[in-house]
Structures are given as structure tokens and as C-alpha cells.
Amino acid sequence: MISGQALQIIGPNGCGKTSLLRILSGLTLPAAGQVYWGEDLIHRSAGAFRANLAYLGHRPGLKADLDPAENLKTLLNLGTTVADDLESEVKQGLDMLGISARQAMPCRQLSAGQKQRAGIARVMLQKVPLWILDEPATSLDQNGIGLLCKIMHQHLAQNGIIVFVSHQDFDLPAGSHQTLDLGESHG
């Protein structure tokens, strides 16, 4: 993968899409082969690699008792890139994803789509080059999917890299989007 490119991984349920994302993100070691970030093996330079990675799994990774703004501030403070004005950045991210009206509500009270939007805001606000997203459109309505596509466009335009799993078609810039089908027969 190169800067400004997206790779969409597709295939039937159970074919290994999530397992592949976990390997690419360094959460699982591959049974064979190696994964590199630039010239370095990701397992040998895990800290440096993770400083360039934002991962969104099947669950958005939010604490149920914290509200979206508290979750984002806490998670972003744990990362390597802390914004100069964290409060303003979090508010802007929540506004962009249409959940600012819910920013003071505990996450346990949010709908699944609102939680997913908060998870997407976390990825967007991390300001790292590599996004690995597992079914990022899960639980989103059409408006939410449109916002996700807009955010993905912006990340690619800023020379970001996105590897994602989705059964949906995404309207990404021409020439910036490749597909890997894990369900294809290779015989």
C-alpha cells in the first residue's frame, strides 16, 4: 500500500477478513510470512508502528459510563499525538459526525450507530497515516455512511492509507481504491 490509497477487503463470512486485519495491525502474529511498515517488521518496531496506526474493530472501544467527549479525550491522551487544543478538536470531531448533541450522554445510552460514529471520530482525531477499519459502516444510517465516506476521502487526500473490510460499496476517489477478495478461487 502507498500513501493516498485504500484497500477494501471483501469475502464471505468466516473467510479470514478480520483475522487479516488483526495481523496487519499487529494484534495477531501471522502463521507464516511477515508484515512490514516501511522497512521495519511491525513486531520488531511495535511502538513506532502503532504510533502510525488507528484501528477500529467490531466494537468502537468506548467506556460505557463515559460520554463520547470524555471517551475521546481519554483515548487521545493515551496516544502519541495529542492535539494542541484537545477540547476544540473533540468538539469539532463530534460535530462533524453529527453526535455533538449527545456528547454529554453516557455511551451506554447511545444507539449502536452513535457509538460507531464516536469510534470513527476517535480514528479521525488520532491524526495517523494508517487506518485499519473492520466494518466501519456497521450500524450507520445512510447519512452516517456518507459522513464516513467524506472522512475517508479527506484522509486519502492527506496521503493517508486505509485498509478496511466492508460488504458495502464505498464512493472513494477514482484510482485510490483497490479490492482484495478473500473469497475468490485461486485454483
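As a basis for the values below, the full set of heavy atoms in this structure was taken, side chains included, without hydrogen atoms, waters or symmetry mates.
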Practice problem: With sequence neighbours excluded, give me every ring-ring contact (aromatic ring centres under 6.0 Å, His included) pair touching residues 90-112. | Solution: none

Are [X] and [Y] connected in the hydrophobic side-chain network, where two residues link if heavy atoms are under 4.5 Å apart?
{"X": "Ile10", "Y": "Ile162", "result": "no"}
{"X": "Leu7", "Y": "Val35", "result": "yes"}
{"X": "Leu66", "Y": "Leu56", "result": "no"}

Self-check item: Contact summary for Leu72 and Ala121, nearest pair of heavy atoms
Solution: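 Distance-wise, the nearest heavy atoms are CD1-CB, 4.0 Å.
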
Practice problem: Search all heavy atoms of Ser176 against all heavy atoms of Leu156 and return the closest pair with its distance. | Solution: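 That would be OG-CD1, 3.8 Å.
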
Find the distance between [atom1] ([X]) and [atom2] ([Y]) and round it off to the nearest 0.5 Å.
{"X": "Ser45", "Y": "Asp40", "atom1": "OG", "atom2": "CG", "result": "4.0 Å"}
{"X": "Ile42", "Y": "Phe49", "atom1": "CD1", "atom2": "CZ", "result": "4.5 Å"}
{"X": "Leu180", "Y": "Gln8", "atom1": "CG", "atom2": "CD", "result": "10.0 Å"}
{"X": "Gln158", "Y": "Lys127", "atom1": "CD", "atom2": "NZ", "result": "8.0 Å"}
{"X": "Lys115", "Y": "Leu110", "atom1": "NZ", "atom2": "CG", "result": "6.5 Å"}
{"X": "His155", "Y": "Met124", "atom1": "NE2", "atom2": "CE", "result": "11.5 Å"}

Counting only pairs under 3.5 Å, give me each side-chain donor-acceptor contact of residues 165-175, with atom names and distances, residues two or more places apart or in other chains.
unit_1	atom_1	unit_2	atom_2	d
Ser166	OG	Gln168	N	3.1
His167	NE2	Glu135	OE2	3.3

Quiz item: Taking side chain as C-beta onward, heavy atoms only, is Pro106 less than 4.5 Å from Asp65?
Solution: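 No, side chains not in contact.
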
Practice problem: Check whether any side-chain heavy atom of Leu97 lies under 4.5 Å from a side-chain heavy atom of Ile151, and answer yes or no. | Solution: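 Sidechains of Ile151 and Leu97: in contact.
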
Only pairs under 3.5 Å count here: list side-chain donor-acceptor contacts from residues 13-31, not counting sequence neighbours, and write none if there are none.
unit_1	atom_1	unit_2	atom_2	d
Lys17	NZ	Gly11	O	3.0
Lys17	NZ	Pro12	O	2.9
Thr18	OG1	Asp134	OD1	3.4
Thr18	OG1	Asp134	OD2	2.7
Arg22	NE	Thr28	OG1	3.3
Ser25	OG	Leu21	O	3.1
Ser25	OG	Arg22	O	3.1

Short side-chain to backbone donor-acceptor contact, [X] and [Y], under 3.5 Å:
{"X": "Arg102", "Y": "Leu94", "result": "no"}
{"X": "Gln114", "Y": "Ser111", "result": "yes"}
{"X": "Asn71", "Y": "Lys63", "result": "yes"}

Exercise. Can you sort out the partners of Ala118 under side-chain contact (heavy atoms from CB on, under 4.5 Å), two or more places apart, ordered by chain and number?
Key: Leu62, Pro68, Ile99

Exercise. Check side-chain contact (heavy atoms from CB on, under 4.5 Å) between Glu87 and all other residues, then give those that pass, not counting sequence neighbours.
Key: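 Applying side-chain contact (heavy atoms from CB on, under 4.5 Å) to Glu87 gives Lys73, Asp85.
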
Practice problem: Please say whether more than 12 non-hydrogen atoms of neighbouring residues, nucleotides or ligands are located less than 6.0 Å from CD in Gln92. | Solution: no

Quiz item: Got more than 12 heavy atoms from elsewhere within 6.0 Å of CZ, Arg108?
Solution: yes

Quiz item: Can you list every side chain to side chain donor-acceptor pair (under 3.5 Å) pair that touches residues 140-154, not counting sequence neighbours?
Solution: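 Those involving residues 140-154 are Arg117-Asp141.
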
Self-check item: Option passing side-chain contact (heavy atoms from CB on, under 4.5 Å) with Leu53 (candidates Val128, Ile132, Ile161)
Solution: Ile132

Practice problem: Decide yes or no on side-chain contact (heavy atoms from CB on, under 4.5 Å) for Ile9 and Phe164, but give the supporting numbers first. | Solution: CA-CA 6 Å; Ile9 302 168; Phe164 69 104; over 6 Å; no

